[in-house]
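Scope of the values below: all heavy atoms of this structure, side chains included, with no hydrogens, waters or symmetry mates.
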Amino acid sequence: MTTTIGVAPPWDAARWPHFSLREIACPCCGETFVWPAALDALEALRADLAAPLQVNSGHRCALHNARVGGAPLSLHKRLAFDIALAGHDLAWLLAAARASGFTGFGFGQTFLHLDTRARPAHWFYGQRSKQRWTSVL
Ligand SMILES: [Zn+2]
């Protein structure tokens, strides 16, 4: 089962048809955080790509975020998505993510972190990630 923290709105299956609450819940405890703007961007990205998106990480409770080495102020403690890169063209994925309303981009070797932070930002998870993305950026 899942529990919802804060005053987040309920899950809307009609609004986010390609995803499920379980899919974005914290894997250690099932805690969830429904952030409509982030989910709207994710759904728009899914529609634009017309291809499945594997969400490696969605919401994390504070304990899980610490355990996996997440930044203390990581937006995963609210709602962010680490999307698996396998099967995607990186340039296409990034262009679609930008067009879909995401403003935070974390470039990894095997995943792309996406969130809807107020101030746009981007970063790399190490030098090898930077090398993988250099030709795309
Ligand atoms: Zn948890």
Side-chain angles (χ1 to χ4, degrees):
M1 283 301 295
T2 59
T3 54
T4 301
I5 61 169
V7 291
W11 183 259
D12 187 337
R15 187 169 171 181
W16 308 303
H18 291 96
F19 302 94
S20 69
L21 191 55
R22 183 175 296 273
E23 195 173 359
I24 58 135
C26 180
C28 87
C29 61
E31 182 180 271
T32 61
F33 187 98
V34 176
W35 188 349
L39 288 159
D40 285 348
L42 186 67
E43 189 64 40
L45 175 60
R46 173 64 178 78
D48 196 359
L49 291 173
L53 294 175
Q54 175 66 45
V55 181
N56 287 350
S57 182
H59 172 69
R60 298 174 190 158
C61 71
L63 181 60
H64 184 65
N65 188 64
R67 279 178 175 156
V68 299
L73 297 178
S74 172
L75 280 189
H76 281 285
K77 289 164 76 176
R78 293 176 70 188
L79 187 57
F81 311 107
D82 289 347
I83 302 298
L85 299 181
H88 294 286
D89 177 271
L90 298 191
W92 196 1
L93 177 64
L94 179 58
R98 284 175 167 148
S100 297
F102 286 108
T103 50
F105 301 88
F107 301 103
Q109 279 187 264
T110 60
F111 67 92
L112 174 62
H113 167 107
L114 297 171
D115 64 53
T116 49
R117 64 188 57 217
R119 289 186 180 183
H122 74 270
W123 61 92
F124 298 92
Y125 296 96
Q127 195 59 34
R128 293 177 70 182
S129 300
K130 199 168 189 173
Q131 286 165 0
R132 174 157 197 198
W133 284 93
T134 292
S135 63
V136 178
L137 300 174

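- With contacts defined as side-chain heavy-atom distances shorter than 4.5 Å, the pair H64/C29 does not qualify.
- T116 and G101 make their closest contact through CG2-O, 3.9 Å (heavy atoms, listed as atom of the first residue, atom of the second, distance).
- One finds the CZ atom of F33 at 10.5 Å from the CG atom of L39 (value rounded to the nearest 0.5 Å).
- Hydrophobic clustering keeps W133 apart from W123 (ILVMFWY residues linked when any side-chain heavy atoms are closer than 4.5 Å, directly or through intermediates).
- Between K77 atom NZ and L63 atom CG the span is 10.5 Å, to the nearest 0.5 Å.
- Looking at I83 and V55, their side chains come closer than 4.5 Å, going by heavy atoms from C-beta outward.
- Judged by distance alone, with hydrogens and angles left aside, the side-chain atoms of H113 form no donor-acceptor pair with the main-chain N or O of D82 at under 3.5 Å.
- At least one side-chain heavy atom of L94 sits under 4.5 Å from a side-chain heavy atom of L137.
- Atoms CG and CZ, from L93 and R98 in turn, are 10.5 Å apart once rounded to the nearest 0.5 Å.
- In terms of heavy-atom proximity, A96 sits nearest to L49 at CB-CD2, 3.9 Å.
- When side chains are defined from C-beta on, H88 does not count as touching L112, because their heavy atoms never get closer than 4.5 Å.
- Clustering ILVMFWY residues whenever any of their side-chain heavy atoms sit less than 4.5 angstrom apart, transitively, puts L114 in a cluster other than the one holding V68.
- Nearest heavy-atom pair, S57 versus R60, reported as atom, atom and distance to 0.1 Å: OG-NE, 3.0 Å.
- Residue Y125 forms a ring pair (Phe, Tyr, Trp, His ring centres under 6.0 Å) with just one option from F107, F111, F105, and that option is F111.
- When the shell of 6.0 Å around CZ of R15 is examined, it contains more than 12 heavy atoms from other residues, nucleotides or ligands.
- To the nearest 0.5 angstrom, T32 atom OG1 is 9.0 Å from L79 atom CG.
- Screening residues 109-124 for salt bridge (charged side-chain N to carboxylate O under 4.0 Å, His left out), with sequence neighbours left out, gives D115-R117.
- The closest side-chain heavy-atom distance from W16 to D40 is below 4.5 Å.
- A donor-acceptor contact shorter than 3.5 Å links the side chain of R46 to the backbone of A51.
- L42 places a side-chain heavy atom less than 4.5 Å from the side chain of F102.
- In this structure, W92 has no side-chain hydrogen bond (donor to acceptor under 3.5 Å, both in side chains) partners at least two apart in sequence or on a different chain.
- Side chain of R132 to main chain of Q109: a donor-acceptor pair is present (N/O by atom type, distance under 3.5 Å, no hydrogens or angles).
- Taking CG of L85 as the start and CD of Q54 as the end, the distance is 11.5 Å to the nearest 0.5 Å.
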